[in-house]
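What follows is one structure encoded as structure tokens, with my remarks underneath.
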There are 2 protein chains.
Amino acid sequence: MQEDRCLVSCIHEDVIQKITGVSEPNEYLERLAQLFKVLGDPTRVRIIYALMQHELCVCDLAHILQMSQSSISHQLRLLRQNQIVKKRREGKIMFYTLADDFVTKLFVLGMEHVRNETYKEYK
Amino acid sequence: MQEDRCLVSCIHEDVIQKITGVSEPNEYLERLAQLFKVLGDPTRVRIIYALMQHELCVCDLAHILQMSQSSISHQLRLLRQNQIVKKRREGKIMFYTLADDFVTKLFVLGMEHVRNETYKEYK
DNA sequence: AAAACAATTGAACAATTGCTCATATAATAA
DNA sequence: TTATTATATGAGCAATTGTTCAATTGTTTT
């Protein structure tokens with residue numbers, strides 16, 4: 001925690017008042033963080049990217065990503081719980097698709113940024 | 001890894017061929033995951049949300065989030081390294097702002113989704 | 001010069017995460 | 001029924017993460 005002296009010298013109370021006023025309910029910010037967190041893993045990104053192209057079964061995904069069926073299944077569960085993907089059974093096979101097109105929008109937007117990055121600079 | 005029998009019975013080779021063809025360079029997908037990962041933490045989301053309202057110093061942020069100045073500083077470093085925020089010195093004080101308006105776009109889009117969520121369903 | 005202060009950073013530690021392995025479930029085939 | 005197959009899941013473990021604490025840096029004040 002910051003000390004008391006800090007309160008006197010550096011905090012810009014006026015600005016803080018203004019910000020606190022417009023503050024988004026913390027619950028939404030929490031959920032937003034959770035959403036990005038789910039998207040913030042290479043395996044899950046690759047799963048989502050594959051599903052952006054076509055509906056796929058667990059086995060296909062394991063084959064495409066060259067990973068175990070178990071780990072793919074674990075990740076799909078997470079994606080399901082967060083309503084990123086949904087599944088449909090056809091006999092023994094489970095087919096997965098994106099739950100809606102909003103993730104695609106996020107991906108397109110994020111990809112734009114990532115493509116324009118030059119290199120990670122560290123100031 | 002999946003076993004050989006799986007290759008015969010369940011993998012949809014035609015679809016996989018098609019997907020592998022349009023595959024985004026893995027480097028970009030990796031960076032996209034990294035981007036979402038940085039955004040996927042409650043503290044960092046709250047920092048970004050505050051900076052969306054106004055330029056702020058480390059001390060202000062610590063005050064607003066009710067967290068230690070040290071942990072805010074650590075998080076700001078991460079955000080800086082990923083080009084989410086940038087800083088500007090004014091005497092002893094460091095002022096932080098969002099590096100560009102792209103994160104705001106991502107937030108607005110993500111927020112739309114999060115607001116419409118009913119509850120986490122678990123199938 | 002020394003003291004004060006805003007911010008940064010490295011080390012340490014608990015908590016979380018993603019994978020593997022083994023097992024369980026659910027649908028189909030024999 | 002029993003065997004096979006596709007997927008799901010729980011436990012365990014190594015790796016990563018976010019915070020705290022202590023020390024340091026860079027700037028201003030005295």
Side-chain angles (χ1 to χ4, degrees), chain A residues 1-12 30 33-34 36-47 55-82 85-97 122-123, chain B residues 1-12 30 33-34 36-47 55-82 85-97 122-123:
Chain A
M1 296 279 94
Q2 75 282 351
E3 297 85 350
D4 283 343
R5 56 180 156 76
C6 201
L7 280 161
V8 182
S9 55
C10 109
I11 293 184
H12 306 84
E30 190 77 38
Q34 172 61 20
F36 285 133
K37 186 180 210 166
V38 172
L39 301 180
D41 171 82
T43 300
R44 292 193 290 272
V45 161
R46 290 167 71 210
I47 289 176
E55 180 184 60
L56 292 167
C57 71
V58 180
C59 196
D60 286 338
L61 282 166
H63 188 69
I64 292 170
L65 304 202
Q66 290 291 303
M67 292 179 68
S68 76
Q69 170 269 348
S70 175
S71 76
I72 297 290
S73 192
H74 276 296
Q75 298 293 17
L76 284 170
R77 183 155 78 119
L78 232 181
L79 292 172
R80 243 187 301 130
Q81 287 171 346
N82 287 273
V85 304
K86 60 188 179 197
K87 63 180 179 179
R88 153 181 97 75
R89 183 181 279 285
E90 194 168 294
K92 279 180 291 195
I93 298 176
M94 284 293 192
F95 283 99
Y96 279 85
T97 51
Y122 185 158
K123 292 183 218 168
Chain B
M1 294 283 93
Q2 75 282 351
E3 297 85 349
D4 283 343
R5 57 180 154 77
C6 201
L7 280 161
V8 182
S9 54
C10 109
I11 293 183
H12 306 85
E30 190 77 39
Q34 172 62 20
F36 285 133
K37 186 180 211 166
V38 172
L39 301 180
D41 170 82
T43 300
R44 291 192 291 272
V45 160
R46 290 169 68 211
I47 289 175
E55 180 184 59
L56 292 166
C57 70
V58 180
C59 196
D60 287 336
L61 283 166
H63 188 69
I64 292 170
L65 303 203
Q66 289 290 304
M67 292 179 68
S68 76
Q69 168 264 73
S70 173
S71 77
I72 298 289
S73 191
H74 276 295
Q75 297 294 17
L76 283 170
R77 182 153 82 118
L78 233 180
L79 292 171
R80 242 186 303 131
Q81 287 171 346
N82 287 273
V85 304
K86 59 188 177 195
K87 64 179 178 180
R88 153 182 96 74
R89 182 183 279 283
E90 193 169 296
K92 280 180 289 195
I93 299 176
M94 284 295 192
F95 283 99
Y96 278 84
T97 49
Y122 184 159
K123 293 182 214 166

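Chain identifiers are assigned alphabetically (A, B, ...) following the order of the sequence lines, protein sequences preceding nucleic acid strands; residue numbering begins at 1 within each chain. All heavy atoms count here, side chains included; hydrogens, waters and symmetry mates do not.
At whole-Å resolution of the value, CE in A:M67 and C1' in C:dC21 are 15 Å apart. The interatomic distance linking A:K37 (NZ) with C:dA15 (P) rounds to 15 Å, in whole Å. If you take CG of B:L39 and C1' of D:dG18, they are 16 Å apart, rounded to a whole angstrom. One interatomic measurement links the two molecules: CG of B:D41 to P of D:dT17, which rounds to 11 Å at whole-angstrom precision. For the pair A:D60 CG and D:dA6 P, the computed distance is 11 Å after rounding to whole Å. Atom CD1 in A:I72 sits about 10 Å away from atom P in C:dT20, given to the nearest Å. Regarding B:R88, its CZ atom lies at a distance of 15 Å from the C1' atom of D:dT27, rounded to whole Å. At whole-Å resolution of the value, CD in B:Q66 and P in D:dT20 are 12 Å apart.
The nearest pair of heavy atoms linking A:V85 to A:L76 is CG2-O, 4.0 Å. Of all heavy-atom pairs between B:A33 and A:D41, the closest is CB-C, 3.7 Å. The two residues B:M67 and B:I72 make their nearest non-hydrogen contact at CB-CD1, 4.2 Å. Residues A:P42 and B:E30 share a closest heavy-atom pair of CG-OE2, 3.5 Å.
Between D:dG18, C:dA7, C:dG18, one nucleotide has an atom nearer to the side chain of A:Q75 than all others, and that is C:dG18. In the set C:dT8, D:dT20, C:dG18, the nucleotide with an atom closest to the side chain of A:R44 is C:dG18. Nearest to the side-chain atoms of B:C57 among the listed nucleotides C:dG18, C:dA7, D:dT17 stands C:dA7. Closest contact between the side chain of B:S71 and the listed nucleotides D:dT7, D:dT19, C:dA7 involves D:dT19. Distances were taken from every side-chain heavy atom of A:R77 (C-beta onward) to each of C:dT16, C:dT8, D:dT9; the shortest belongs to D:dT9.
Within the structure, every side-chain polar atom (N or O) of B:S68 is placed at least 4.0 Å from both OP1 and OP2 of D:dC21. For A:K87, no side-chain nitrogen or oxygen approaches OP1 or OP2 of D:dT7 to under 4.0 Å. Put simply, A:Y96 has no side-chain N or O that comes within less than 4.0 Å of OP1 or OP2 on D:dA6.
Judged by centroid separation below 5.5 Å and plane tilt below 30°, B:H74 does not stack onto the base of D:dT19.
Ring geometry for A:H12 against B:F95 counts as tilted: the plane angle lies between 30° and 60°, on a 0 to 90° scale.
The side-chain hydrogen bond (donor to acceptor under 3.5 Å, both in side chains) test with A:N82 singles out one residue from A:R77, A:Q34, A:R44, and that residue is A:Q34.
A donor-acceptor contact under 3.5 Å is formed by the side chain of B:S70 with the base of D:dC21. Not a single donor-acceptor contact under 3.5 angstrom links the side-chain atoms of A:Q69 to the base of D:dA6.
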B/S/- along nucleotides 25-30 of chain C (protein heavy atoms under 4.0 Å) is -SBS--
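A:R46 contributes atom CZ, which lies 9.5 Å from atom CD1 of A:I64 (distance to the nearest 0.5 angstrom).
With respect to A:E55 and A:R88, a salt bridge is recorded, a charged nitrogen being found less than 4.0 Å from a carboxylate O.
Residue-level contact check: A:F95 touches neither bases nor backbone, having no heavy atom under 4.0 Å from any strand.
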